[in-house]
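Before any comments, here is the structure.
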Amino acid sequence: MVDALATKGILEPFPIQEQTIPMGLNGQDIIGQAKTGTGKTLGFGLPLLQELGLNPEPGVQALVVVPTRELCVQVAEDLTLAASNRATKVVAIYGGKAYEGQVADLKDGAQVVVGTPGRLLDLASQRMLSLKNVKVMVLDEADKMLDLGFLADIEKLFSQTPPTRHTMLFSATMPGPIVALARRFMNKPIHIRATDPNEGLTQANIKHVVYRAHNLDKDEVISRILQAEGRGKTVVFTRTKRAAAKLVEELNDRGFNAAAVHGDLNQEQRERAMAAFKAGKKDILIATDVAARGIDVNDVTHVINHTIPEDHDTYLHRAGRTGRAGKTGIAVTFVDWDDMHKWSLINKALDMGQPEPVETYSSSPHLYTDLDIPAGSKGRLKATSILPKTVEAAGRPPRERRDGDSTTRPPRERREGDRTRTRSRGASGSSPASTGPGNAASTNGPADDAATAGKVEGSGTHDGGAPARRRSRRRRPSSGGSATPPPAA
DNA sequence: AAAAAAG
């Protein structure tokens, strides 16, 4: 298995993998905690596969439970890849999809089941799925799985597996009460934190930026951020499904190339959106918290919280969609008038050291290039506000956008062409704008792909990491940008 | 308090 990974260019394990794999191989119950984007999936995946052996008998012997359908698909893909040189079959069991294929895979003797709770229980109650021979059970995003919304289902699933099973819980966040609760399902678990206890859980390679959002046209400011030089893929989080649906329409109307994923869409639409985003056919994903956890997409340089998350754990998971596998990223948060308290709680919990967001707005397309954001010392980040050096004369308050020329909306007659160009650019997969954090994001210069490519990282192998083809791009004017083209132009 | 997760 390790050989198989090595042939795919995966050589050096992440710390969480270094620590959990030996313990997992010993059959020790594990609560594994590590920062976002540091390879937790294989942290449980490799010991899980090892425990089943090279040539396991047909039938379900390992169960991995995840909170969302998209994560289910992804984890199943990662495990399938890791198992590519063994006779172990992996099946994804989740809702919103036909039963037939999933049931057929089970009948075919799949040994590893990755699933969401509802469909797992559904199939179990229909006797299509038996958990009585499960040797290993994993809760991915474990704190979420033990949350009130899921706990009853999880208890049922546990109760259908043998008490002798090997149990592993993984997440970036593990609140104390959840750890206590988790022990009920585990046998003398060891709590592995692959992080310096003094360091906190924020990623040192993610920069945190915050706007006070009242009197701010968020759509407009987001549009500007989406034009940042060197921007790669971007995930925008909204609080509600409706807001996500509205925003994706607005941005696409402005000539951007966005897809949406949220629970009001059917599963086919959701999967199409995710696939397009992963492939780079869409470089913006508008999402509810369905995509806050676990989702691993290469070259996400920006996360934008259109609406502030409800708690600091959600903040951390959302922001963690960028800055993965050692790359740099930026997390931008808009704090509405009513959300100041939420922000202060998040800020305090994550120790980001910024008392309050600053009201500001920049008419400059160089939204980030004028920033001087201090890097967090010792992994502790300072949240920083965007403070344009000047508000240019040509700029006007964003609220007036609809009254006249838009600063970000491309001219009508060009928009069809823009879209085409954007698509072909994205499809190349190695365009300047999608090759990772550029000048906007980096203090470290270009993401050191070479240094991180070797890490045993879930999907780092899915695309071979085409080298960044850096084309010197036309500099946008730093002033008077009243007709700034969309990202593709 | 919203979203997610069965249909």
Side-chain donor-acceptor distances from residues 63-71 of chain A under 3.5 Å, at least two apart:
| residue | atom | partner | partner atom | Å |
| --- | --- | --- | --- | --- |
| A/Thr68 | OG1 | A/Leu71 | N | 3.2 |
| A/Arg69 | NE | A/Gly95 | O | 3.3 |
| A/Arg69 | NH1 | A/Gln267 | OE1 | 3.1 |
| A/Glu70 | OE1 | A/Arg270 | NH2 | 2.7 |
| A/Glu70 | OE2 | A/Gln267 | NE2 | 3.4 |
| A/Glu70 | OE2 | A/Arg270 | NE | 2.7 |
| A/Glu70 | OE2 | A/Arg270 | NH2 | 3.3 |

Generate the contact string for nucleotides 2-7 of chain B. Rules: B means base contact, S means sugar-phosphate contact only, - means no protein heavy atom under 4.0 Å. SBSBBS
Could you go through residues 169-183 of chain A and list every donor-acceptor pair under 3.5 Å that involves a side-chain atom there, pairing it with any protein atom two or more places apart or in another chain?
| residue | atom | partner | partner atom | Å |
| --- | --- | --- | --- | --- |
| A/Ser171 | OG | A/Asp143 | OD1 | 2.8 |
| A/Ser171 | OG | A/Thr173 | N | 3.1 |
| A/Ser171 | OG | A/Thr173 | O | 3.1 |
| A/Thr173 | OG1 | A/Asp143 | OD2 | 2.5 |
| A/Thr173 | OG1 | A/His317 | NE2 | 2.7 |

Tabulate below the donor-acceptor pairs under 3.5 Å that side-chain atoms of residues 123-132 of chain A make, not counting sequence neighbours, or state none.
| residue | atom | partner | partner atom | Å |
| --- | --- | --- | --- | --- |
| A/Ser125 | OG | A/Leu121 | O | 3.4 |
| A/Ser125 | OG | A/Asp122 | O | 2.8 |
| A/Gln126 | NE2 | A/Asp122 | OD1 | 2.8 |
| A/Ser130 | OG | A/Lys132 | N | 3.3 |

In short, ring-ring contact (aromatic ring centres under 6.0 Å, His included) pairs touching residues 262-295 of chain A with sequence neighbours left out are none
Would you please name every residue forming a salt bridge (Lys or Arg N to Asp or Glu O under 4.0 Å) with A/Asp264, sequence neighbours left out? A/Lys241
